[in-house]
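Letters A, B, ... mirror the listed sequences (proteins, then strands); counts begin at 1.
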2 protein chains.
Amino acid sequence: MPAKRTQSHDCPIRDVLDRVGDAWSVLVIKELSQAPCRFNALQRVIDPISPRMLAATLKHLERDGLVTRHVMDQSPPQVEYRLTQMGCSLHNALESLSDWANENQPHVRAARKTYDLMRDGAG
Amino acid sequence: MPAKRTQSHDCPIRDVLDRVGDAWSVLVIKELSQAPCRFNALQRVIDPISPRMLAATLKHLERDGLVTRHVMDQSPPQVEYRLTQMGCSLHNALESLSDWANENQPHVRAARKTYDLMRDGAG
DNA sequence: CTGTATCCATGCCGATACTG
DNA sequence: CAGTATCGGCATGGATACAG
């Protein structure tokens with residue numbers, strides 16, 4: 001269950017990607033980086049995520065020490081998730097990727113357009 | 001074929017991850033960042049990658065303008081793949097992730113161990 | 001509210017064989 | 001050498017119902 005994926009290839013980047021390369025992890029991290037958040041709130045914000053996947057993602061992140069789970073016993077029950085310091089640092093590291101994306105998205109789009117036209121037009 | 005995945009959530013990081021979050025892309029990028037390389041050579045280095053996946057990955061990266069494909073006509077035919085400038089810049093951006101991984105891998109491992117013990121021991 | 005258990009469709013990807 | 005076409009197993013993950 002811990003996720004298997006590529007292993008081998010002692011590439012550290014791949015190691016991170018095995019952790020946050022899935023569809024939802026970074027969205028959760030991004031959200032929690034702004035403020036602690038409860039389960040339902042997360043589900044609403046991230047939107048089309050199913051409870052199953054949100055629970056799995058949070059568990060995964062918690063296991064890796066990136067988020068912590070705080071149960072405030074009261075009724076109705078509330079559970080708050082927070083980014084750990086390490087989670088914060090990961091979020092920071094992801095920022096540079098974010099920056100890259102913001103800078104290069106137009107170029108990538110343009111490249112795709114060209115590529116698709118070539119492929120479409122000239123077989 | 002362009003890859004669908006998460007879309008929505010105008011998160012730029014997710015956009016990059018849709019591009020390089022798969023198992024092989026970063027390995028190819030990493031390899032090409034050191035030197036241009038031919039198809040077969042790539043396959044040998046990255047090892048357990050099938051021709052199918054390598055071709056798909058390269059095509060994907062080429063489409064996004066991250067690598068270029070150079071055919072040197074001679075026999076036997078040779079095709080060389082190179083990282084574009086944009087590909088290089090992406091590789092640089094990935095470095096910070098790599099750094100993060102190197103710094104935090106021990107902590108992550110420790111966190112996992114603890115988590116698994118808790119879960120195993122105390123149900 | 002905070003999850004978990006079950007079922008099932010989808011699609012990814014490895015293996016393989018084949019083409020130019 | 002540099003790929004493409006086809007097939008099939010298997011994991012991923014959505015929908016849903018339900019439990020504490």
Just to verify, what does [X] make a side chain to side chain contact (heavy atoms under 4.5 Å, CB included) with, not counting sequence neighbours?
{"X": "A93(B)", "value": "L97(A), W100(A)"}
{"X": "R69(A)", "value": "E62(A), V71(A), V79(A), Y81(A)"}
{"X": "T114(A)", "value": "M118(A)"}
{"X": "R109(A)", "value": "Q105(A)"}

Separation of atom [atom1] in [X] from atom [atom2] in [N], rounded to whole Å:
{"X": "H60(A)", "N": "dA11(D)", "atom1": "NE2", "atom2": "C1'", "value": "15 Å"}
{"X": "N40(B)", "N": "dG3(D)", "atom1": "CG", "atom2": "C1'", "value": "10 Å"}
{"X": "L42(A)", "N": "dT2(C)", "atom1": "CG", "atom2": "P", "value": "9 Å"}
{"X": "R119(B)", "N": "dT4(C)", "atom1": "CZ", "atom2": "C1'", "value": "11 Å"}
{"X": "Q43(B)", "N": "dG14(C)", "atom1": "CD", "atom2": "P", "value": "11 Å"}
{"X": "I49(A)", "N": "dT12(D)", "atom1": "CD1", "atom2": "C1'", "value": "13 Å"}
{"X": "R69(B)", "N": "dA2(D)", "atom1": "CZ", "atom2": "P", "value": "10 Å"}
{"X": "M72(B)", "N": "dA2(D)", "atom1": "CE", "atom2": "P", "value": "9 Å"}

Do any side-chain nitrogens or oxygens of [X] fall under 4.0 Å of OP1 or OP2 in [N]?
{"X": "Y81(A)", "N": "dG3(C)", "result": "yes"}
{"X": "R38(A)", "N": "dT2(C)", "result": "yes"}
{"X": "W24(A)", "N": "dT12(D)", "result": "no"}

Sort me out a list of protein N/O and nucleotides 4-8 of chain D N/O pairs below 3.5 Å, or just none if empty.
| residue | atom | partner | partner atom | Å |
| --- | --- | --- | --- | --- |
| dT4(D) | OP1 | K59(B) | NZ | 2.9 |

Checklist entry - the helix from dC1(C)-dG20(D) to dG20(C)-dC1(D): angle between its terminal axes, five pairs each, to 10°? => result 50°
Checklist entry - Do the charged groups of D116(B) and R112(B) touch, with an N to O distance under 4.0 Å? => result no
Item to check | Residue pairs passing the salt bridge (Lys or Arg N to Asp or Glu O under 4.0 Å) test where at least one lies in residues 71-99 of chain B, sequence neighbours excluded | outcome: E80(B)-R82(B)
For residues 31-41 of chain B, which side-chain donor-acceptor pairs fall under 3.5 Å, sequence neighbours excluded?
| residue | atom | partner | partner atom | Å |
| --- | --- | --- | --- | --- |
| S33(B) | OG | K30(B) | O | 2.5 |
| S33(B) | OG | H91(B) | NE2 | 3.3 |

Checklist entry - Can you find a pair of side-chain heavy atoms, one from V108(A) and one from R19(B), that are under 4.5 Å apart? => result yes
Checklist outcome for this item: Sorted by chain and residue number, the side-chain hydrogen bond (donor to acceptor under 3.5 Å, both in side chains) partners of S25(B) (sequence neighbours excluded) come out as D22(B)
